[in-house]
Amino acid sequence: MVIREQLAQAVSEALGAIGVEPVPTNFVVERPARREHGDWSTNAALASSKAAGRNPRELGQELADYLTENRPPHVESLEIAGPGFVNFRLAPTWLYDVLTEVVEQGEQNYGSLQIGKGSSVNIEFVSANPTGPIHAGGGRWGVYGDSLARIMARCGYQPHKEYYVNDRGVQTKLFGQSLVARKNGEQPPEGGYQGEYIEQWASEMPDDVDPVSWGIERSLTDAKNVLAEMNVEFDTWSSEQALVDSGAMDAALEQLRSTGNVFESDGATWLRTSEFGDSEDRVLVKSDGELTYFTPDIAYHIDKFNRGDHIIDVLGADHHGYILRMRAALLALGKDGDRYETLIGQKVKLTSDGEEVKMSKRAGNIVEIRDLVDEVGPDVARFAYLLQSIDSPQTIDLDLLKTEASENPVFYVQYANARIHSIGAQAKERGVVRLPLAEVDLTSLTHERELEVLRQLSAFPEILEVALAERAPHKITNWVRELAAAFHGFYRDCPILRTDTDPDLQQARLWLAEASRVGLAIGLDLLGVSAPEQM
RNA sequence: GCCCCCGUAGCUCAGUGGAUAGAGCAUUGGUUUCCUAAACCAUGAGCGCAAGUUCGAUUCUUGCCGGGGGCACCA
């Protein structure tokens, strides 16, 4: 059991013992923002004073007195502070337990949670139209979705990463026509695709192929390549056309009809989505007999419901209006809405020379993810994307990522890892051997820098839990930066291999470095960023 | 008009129902006979406005102001 739970339980018991009935459950045990407020703190007295009809400071004092008499493990002293907080000061022994736990559980298991209990989660993201290069926003969703999947996997879920390919419909036809036009040296049709890439691809296109399917393949190859370079891989690429061809779409339409929520109007076929929370009804089949995007997408979501326990769609803010209609369709079909989750991300803006970069040379009116990856490399790009919440619109300064690469946060973290490996290499050279952990006395770790590293490591399980609950990979980014900062401070002030370092202390520090390495490896892996051993 | 997101330091962004709100960049200055100075240390300034809920609000609610996005028989 982790220390926080031990303390919470002790507080709960103490409240009962000093006569607070019923024992409240609305209190928390947390890490105070300020070090001088101790290692852990609880607001239990404040949270229960009103219900108990007691003065919070007096109640806090009683609580502190009781816990001083009946001390939870590692607790050295307690004090009452502020309006009624009870602060715990712990002996560093609790942090030695953390070190041991990190090392013993290792990269695979430290901080791993079983919240998901093995349930499957289907995460769909990017799903850009296969009519051209992936844009910078697509890169954000790619990195975000991939990292979220990694987080979910570490929390006991079985994530399945999926990309939906809209390989039929009006847009694909226009795309094919644009390719043909360019191949024949003509202008693309009205509403067609204008980017330079169309000319490039058209020149690659053989004469005897179907331009639409060839173009889609070309587009998907492009997308797969650039996403793979960013360490984003999908388990499944689902084809809209295949869904229609298989009859799944007709079956879905039939299923919808059987619910009595489908009607004909103005020559089109509509779904009464307004009955299920949407602002208006939506067209399933247009008056010209063509399907809308919506209809196969419903079939696709039915398919996903059949394949996964929980369904997540990662969408750009420009698609948020679409959510209610899909949810309505699923509700109309009697699906459990709790199993369907949509995550909306705000858009990305790239700047250079203080000006927004509005287009790529190749793609025309969009900024390609390719440009970013070629410019700064996958690690820098990924880390930059994962630096902030997807709820916020993001501004990425290309110049900063390029010219000040050495100041870039990703290198700061990777450099910590490189330093650890350098210590290992140096130790080997000098014949310093790390003894088994069980033979090492960790109590020599008393330096504030050493303890800070361990505090950071101890926080990881909580951070992971929050990152999962809030679907927020950037919490991991922040944590790994803080861990790196703690390590750099330790590295600076606590020499390991220097000849005047006490042998026992040296052993303890070697293990502290190893624990740091494990922590950095876990964090970087969740972000999908590499952990180079040399820089 | 309706819906969604955002408004925190000069810039880019974290963060929290609590006790003195943080980081990076930028500025200025300092640190290395010894494990990588891509490091460490120091340095000013900030929660858009107003009510409400609360023992306590920058955090929750509402309104206003400001910015972005969306309101198709496009996808």
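All chains are named by letter (A, B, ...) in the order of the sequence lines, taking the proteins before the strands, and each is independently numbered beginning at 1.
In the set B/A39, B/G15, B/G70, the nucleotide with an atom closest to the side chain of A/K475 is B/G15. Comparing atom distances between the A/K347 side chain and each of B/A19, B/C13, B/G69 picks out B/G69 as nearest. Candidate nucleotides B/A23, B/A19, B/C71 were compared by shortest atom distance to the side chain of A/E280, and B/C71 ranks first. In this structure, of B/A23, B/C73, B/G22, it is B/C73 that holds the atom nearest to the side chain of A/V283. The side chain of A/I423 sits closest to B/C35 out of B/C73, B/A75, B/C35. With distances taken from any side-chain atom of A/H37 to the nucleotides B/A75, B/A19, B/G24, the minimum falls on B/A19. Of all nucleotides listed (B/G15, B/C40, B/C35), B/G15 comes nearest to the side chain of A/H474.
Distance noted for atom C1' between B/A38 and B/U32: 15 Å (whole Å). Distance noted for atom C1' between B/C3 and B/U8: 26 Å (whole Å). Between B/U43 and B/C6, the two C1' atoms lie 31 Å apart (nearest whole Å). For the C1' atom pair drawn from B/U53 and B/C65, the interatomic distance equals 23 Å after rounding to whole Å. As rounded to the nearest Å, B/G52 and B/U59 have C1' atoms that lie 15 Å from one another. The gap from the P atom of B/A26 to that of B/A21 amounts to 26 Å, rounded to the nearest Å. Of the C1' atoms belonging to B/A57 and B/G15, the separation is 15 Å, rounded to the nearest Å. When the P atom is compared between B/C13 and B/A51, the two are found 30 Å apart, to the nearest whole Å.
Counting non-hydrogen atoms under 4.0 angstrom, A/Q534 reaches a base of the nucleic acid. Across all strands, A/K349 comes closer than 4.0 Å to no nucleic acid atom at all (heavy-atom distances). Counting any heavy atom pair closer than 4.0 Å across all strands shown, A/N129 reaches sugar-phosphate atoms only and no base atom. Note on A/Q506: nothing from the nucleic acid sits closer than 4.0 angstrom, heavy atoms only. A/E30 comes within 4.0 angstrom of no nucleic acid atom, judged by non-hydrogen atoms across all strands. Nucleic acid contact for A/D266: base, since at least one base atom lies under 4.0 Å from a heavy atom of the residue. Heavy atoms of A/P56 sit nowhere under 4.0 angstrom from any nucleic acid atom. A/H319 comes within 4.0 angstrom of a nucleotide base, judged by non-hydrogen atoms across all strands. Heavy atoms of A/Y322 sit under 4.0 angstrom from at least one base atom. Contact annotation for A/N87: base contact, defined as any heavy-atom pair under 4.0 Å involving a base atom.
Distance alone, capped at 3.5 Å, places no donor-acceptor pair between the A/N87 side chain and the A/S41 backbone.
Between the CD atom of A/E448 and the P atom of B/C41 there is a distance of 12 Å, rounded to whole Å. Between the CD atom of A/Q414 and the P atom of B/A39 there is a distance of 12 Å, given to the nearest Å. The CG-C1' distance, from A/D399 to B/C11, rounds to 13 Å in whole Å. Between A/F490 atom CZ and B/C41 atom P the separation is 14 Å, expressed in whole Å. The separation between A/Y491 atom OH and B/U31 atom C1' is 15 Å, rounded to whole Å. A/E355 has its CD atom 14 Å from the P atom of B/U12, to the nearest Å. Summarising the geometry, the separation between CD1 on A/I298 and P on B/A75 is reported as 13 Å, rounded to the nearest angstrom. Atom P of nucleotide B/U12 and atom OH of A/Y385 are separated by 18 Å, given to the nearest angstrom.
In this structure, the ring of A/W141 has its center no less than 6.0 angstrom from the ring center of A/Y144. A/F383 has its ring centre no less than 6.0 Å from the ring centre of A/F411.
In summary, of the residues considered (A/N43, A/L7, A/L46, A/L63), a side chain to side chain contact (heavy atoms under 4.5 Å, CB included) with A/V86 occurs for A/L63 alone.
Taking OG1 of A/T501 as the start and CD of A/Q507 as the end, the distance is 11.5 Å to the nearest 0.5 Å. Here the straight-line distance linking atom OG1 of A/T273 with atom CD1 of A/I298 works out to 8.5 Å at 0.5 Å rounding. Here the CD1 atom belonging to A/I344 is positioned 5.0 Å from the OG1 atom belonging to A/T342, to the nearest 0.5 angstrom. Between atom CD of residue A/Q456 and atom OG of residue A/S516 there is a gap of 10.5 Å, rounded to the nearest 0.5 Å.
Contact annotation: A/R449 side-chain N/O to B/C41 OP1/OP2 distance is under 4.0 Å. For A/Y412, no side-chain nitrogen or oxygen approaches OP1 or OP2 of B/A37 to under 4.0 Å. Between A/R509 and B/C35 there is no side-chain N or O to OP1 or OP2 distance below 4.0 Å. Within the structure, every side-chain polar atom (N or O) of A/R35 is placed at least 4.0 Å from both OP1 and OP2 of B/A19. For A/T292, no side-chain nitrogen or oxygen approaches OP1 or OP2 of B/A75 to under 4.0 Å.
Between A/E264 and A/R272, none of the side-chain N atoms (NZ, or NE/NH1/NH2) sits under 4.0 Å from a carboxylate O, so this pair counts as no salt bridge. Between A/D39 and A/R89 no salt bridge is recorded (no basic side-chain N to carboxylate O distance below 4.0 Å).
We find that the ring of A/F85 and the base of B/A19 stack, their centres lying under 5.5 angstrom apart and their planes tilted less than 30°.
Counting atom types as modelled, A/T131 pairs no side-chain N or O with a base atom of B/A75 as donor and acceptor under 3.5 Å.
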### Message
Could you write out RNA chain B as dot-bracket? Rules: Watson-Crick or G-U wobble, both distances under 3.5 Å, brackets [ ] for crossings, | for pairs with another strand, dot for unpaired.
### Response
(((((((..((((....[...))))..((((.......)))).....(((((..]....))))))))))))....
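Using cut-offs of 30° and 60° on the angle between ring planes, the pair A/Y293 and A/Y164 is perpendicular. By the 30° and 60° cut-offs, the orientation of the rings of A/Y163 relative to A/W237 is parallel.
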Could you list the donor-acceptor pairs under 3.5 angstrom formed by side chains in residues 53-60 of chain A, with sequence neighbours left out?
{"from": "A/R54", "atom 1": "NH2", "to": "A/E62", "atom 2": "OE1", "distance (Å)": "3.1"}
{"from": "A/R54", "atom 1": "NH2", "to": "A/E62", "atom 2": "OE2", "distance (Å)": "2.8"}
{"from": "A/N55", "atom 1": "OD1", "to": "A/R57", "atom 2": "N", "distance (Å)": "2.7"}
{"from": "A/N55", "atom 1": "OD1", "to": "A/E58", "atom 2": "N", "distance (Å)": "3.0"}
{"from": "A/R57", "atom 1": "NH1", "to": "A/G82", "atom 2": "O", "distance (Å)": "2.6"}

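Side-chain contact check for A/F263 versus A/S265: some heavy-atom pair is nearer than 4.5 Å.
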Restricting to nitrogen or oxygen on both sides, can you table the protein-nucleotides 3-9 of chain B pairs closer than 3.5 Å?
{"from": "B/C3", "atom 1": "O2", "to": "A/H320", "atom 2": "NE2", "distance (Å)": "3.4"}
{"from": "B/C4", "atom 1": "O4'", "to": "A/H320", "atom 2": "NE2", "distance (Å)": "3.2"}
{"from": "B/C5", "atom 1": "O4'", "to": "A/Q346", "atom 2": "NE2", "distance (Å)": "3.3"}
{"from": "B/C5", "atom 1": "O2'", "to": "A/D391", "atom 2": "O", "distance (Å)": "2.2"}

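Both A/R34 and A/G321 lie close to RNA chain B; mapped to their nearest nucleotides by heavy-atom distance, the more 5′-ward contact belongs to A/R34.
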